[in-house]
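Okay, so here's the structure we're looking at.
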Amino acid sequence: MTDGSDEAVAEFLDAADTVYEEYDQGYMNADVALSQLQSRIETLREATEE
């Protein structure tokens, strides 16, 4: 992976951790959590395909 891909993966993992933490704490429901994760996955795919 390139440095840009490494950075994109690190950003994804940080964002995913935040989603999981907020879900576990009851700040968001499952539908919102899945929607946010889906969005983060799409962003990661786009960043690593460049």
Side-chain angles (χ1 to χ4, degrees):
M1 276 197 265
T2 65
D3 289 339
S5 294
D6 290 343
E7 184 177 324
V9 170
E11 288 176 13
F12 168 78
L13 293 174
D14 287 342
D17 285 342
T18 299
V19 170
Y20 284 122
E21 288 170 12
E22 290 181 5
Y23 175 76
D24 284 343
Q25 294 173 1
Y27 295 136
M28 69 175 68
N29 67 34
D31 289 334
V32 173
L34 289 173
S35 175
Q36 286 193 13
L37 287 174
Q38 181 180 7
S39 175
R40 304 292 186 185
I41 290 168
E42 290 172 12
T43 301
L44 177 61
R45 279 194 183 119
E46 291 170 4
T48 57
E49 290 176 352
E50 293 178 351

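Values reported hereafter were calculated over all heavy atoms of this structure, with side chains retained and with hydrogens, waters and symmetry mates removed. Computed from a predicted structure; not experimentally measured. FYI, the numbering just counts along the sequence from 1.
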**Request:** Nearest 0.5 Å please: distance from the CD atom of Gln36 over to the CD1 atom of Ile41.
**Result:** 12.0 Å
**Request:** Find the distance between CG (Asp14) and CZ (Arg40) and round it off to the nearest 0.5 Å.
**Result:** 10.0 Å
**Fill in**
Looking only at heavy atoms, the pair that brings Ser5 and Ala47 closest together is OG-O, 4.5 Å
**Prompt:** Rest of the hydrophobic cluster containing Leu37 (Ile/Leu/Val/Met/Phe/Trp/Tyr, side-chain heavy atoms under 4.5 Å)?
**Reply:** Val19, Tyr20, Tyr23, Met28, Val32
**Request:** Mind checking side-chain contact (heavy atoms from CB on, under 4.5 Å) for Leu13 and listing every partner two or more places apart, or none if nothing turns up?
**Result:** Val9
**Asked** Roughly how far, to the nearest 0.5 Å, is the CG atom of Leu34 from the OG atom of Ser39?
**Response** 12.5 Å
**Message:** Nearest 0.5 angstrom please: Leu44 CG to Glu49 CD, how far?
**Reply:** 9.5 Å
